[in-house]
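These notes concern the structure reproduced below.
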Amino acid sequence: MSSERGGAAGEGQRELHVLAVDDSSVDRALVAHLLRSSKFRVTTVDSGKRALDLLGMERNVSMIITDYWMPEMTGLELLKKIKGSSEFKAIPVVIMSSENVPNRIRTCLDEGAEDFLLKPLQPSDVSRLCSRVLR
């Protein structure tokens with residue numbers, strides 16, 4: 001379950017919580033599986049609006065990984081809202097997409113994304129990302 005907490009993980013050790021945002025249920029499930037395999041607590045939502053709603057209630061999100069193309073709000077728009085918020089701007093945001101478009105990737109990185117990953121995600125992407133972003 002996405003809300004399970006680690007049991008006897010050592011005193012003071014914080015469980016890392018990743019918010020995965022994707023309108024595709026298949027991609028959400030894949031990302032959640034890969035992250036949970038790396039021992040992260042994962043919450044999934046299907047839109048940028050739901051991600052913002054959840055951030056308003058859940059204060060312990062360690063990282064956000066979001067799809068670029070989603071209805072209502074793109075991953076770039078979500079990134080801008082998060083980085084424009086004094087409350088959430090410190091949360092690392094990673095964008096993912098099945099399209100390798102250099103200008104889009106550069107724009108996301110310039111706007112504050114920690115990384116831009118190409119779908120389908122691989123276990124090596126997740127381990128590299130987590131070791132780099134969630135130190």
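Just so it is clear, the model here is predicted, and its values are computed rather than measured.
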Provide the closest heavy-atom pair for [X] versus [Y] in the form atom of the first, atom of the second, distance.
X	Y	answer
Pro92	Ser62	CD-O, 3.1 Å
Gln122	Pro120	NE2-O, 3.3 Å
Arg36	Val42	NH2-O, 3.1 Å
Ser97	Tyr68	CB-CB, 4.0 Å

How about CZ on Arg28, more than 12 heavy atoms from neighbouring residues, nucleotides or ligands closer than 6.0 Å, or not? yes
Return yes when atom NZ of Lys83 has more than 12 non-hydrogen atoms of other residues, nucleotides or ligands closer than 6.0 Å, and no otherwise. yes
Atom pair [atom1]/[atom2] of [X] and [Y] - distance to nearest 0.5 Å:
X	Y	atom1	atom2	result
Ser25	Leu30	OG	CG	11.5 Å
Ser98	Leu118	OG	CG	8.5 Å
Thr44	Ile65	OG1	CD1	12.5 Å
His17	Phe40	NE2	CZ	12.0 Å
Glu58	Thr43	CD	OG1	6.0 Å

Residue pair [X] / [Y], side-chain heavy-atom distance below 4.5 Å:
X	Y	value
Ile91	Leu19	no
Asp125	Leu34	no
Asn60	Arg41	yes

Pairs under 3.5 angstrom only: tabulate donor-acceptor contacts from the side chains of residues 70-82 to other protein residues two or more places apart or in another chain.
| from | atom 1 | to | atom 2 | distance (Å) |
| --- | --- | --- | --- | --- |
| Thr74 | OG1 | Leu76 | N | 3.4 |
| Thr74 | OG1 | Glu77 | N | 3.1 |
| Glu77 | OE1 | Thr74 | N | 2.7 |

Can you get from Ile105 to Trp69 by hopping between Ile, Leu, Val, Met, Phe, Trp and Tyr side chains that sit under 4.5 Å apart? yes
Side-chain heavy atoms nearer than 4.5 Å, only ILVMFWY residues, links allowed to pass through others: does that put Val101 and Val93 together? no
Any chance you could lay out the side-chain contact (heavy atoms from CB on, under 4.5 Å) test for Asp27 and Asp67, step after step, and finish with the verdict? CA-CA 9 Å; Asp27 287 334; Asp67 184 32; 5.8 Å; no
Enumerate the residue pairs fulfilling side-chain hydrogen bond (donor to acceptor under 3.5 Å, both in side chains) with a member in residues 101-117, sequence neighbours excluded, ordered by first and then second residue. Glu99-Arg104, Asn103-Arg106, Asp115-Arg128, Asp115-Arg132
What verdict does the side-chain contact (heavy atoms from CB on, under 4.5 Å) test give for Asp22 and Val31, after you've listed the backbone C-alpha separation in whole Å, the side-chain angles of each residue and the deciding distance to 0.1 Å? CA-CA 9 Å; Asp22 201 315; Val31 169; 5.6 Å; no
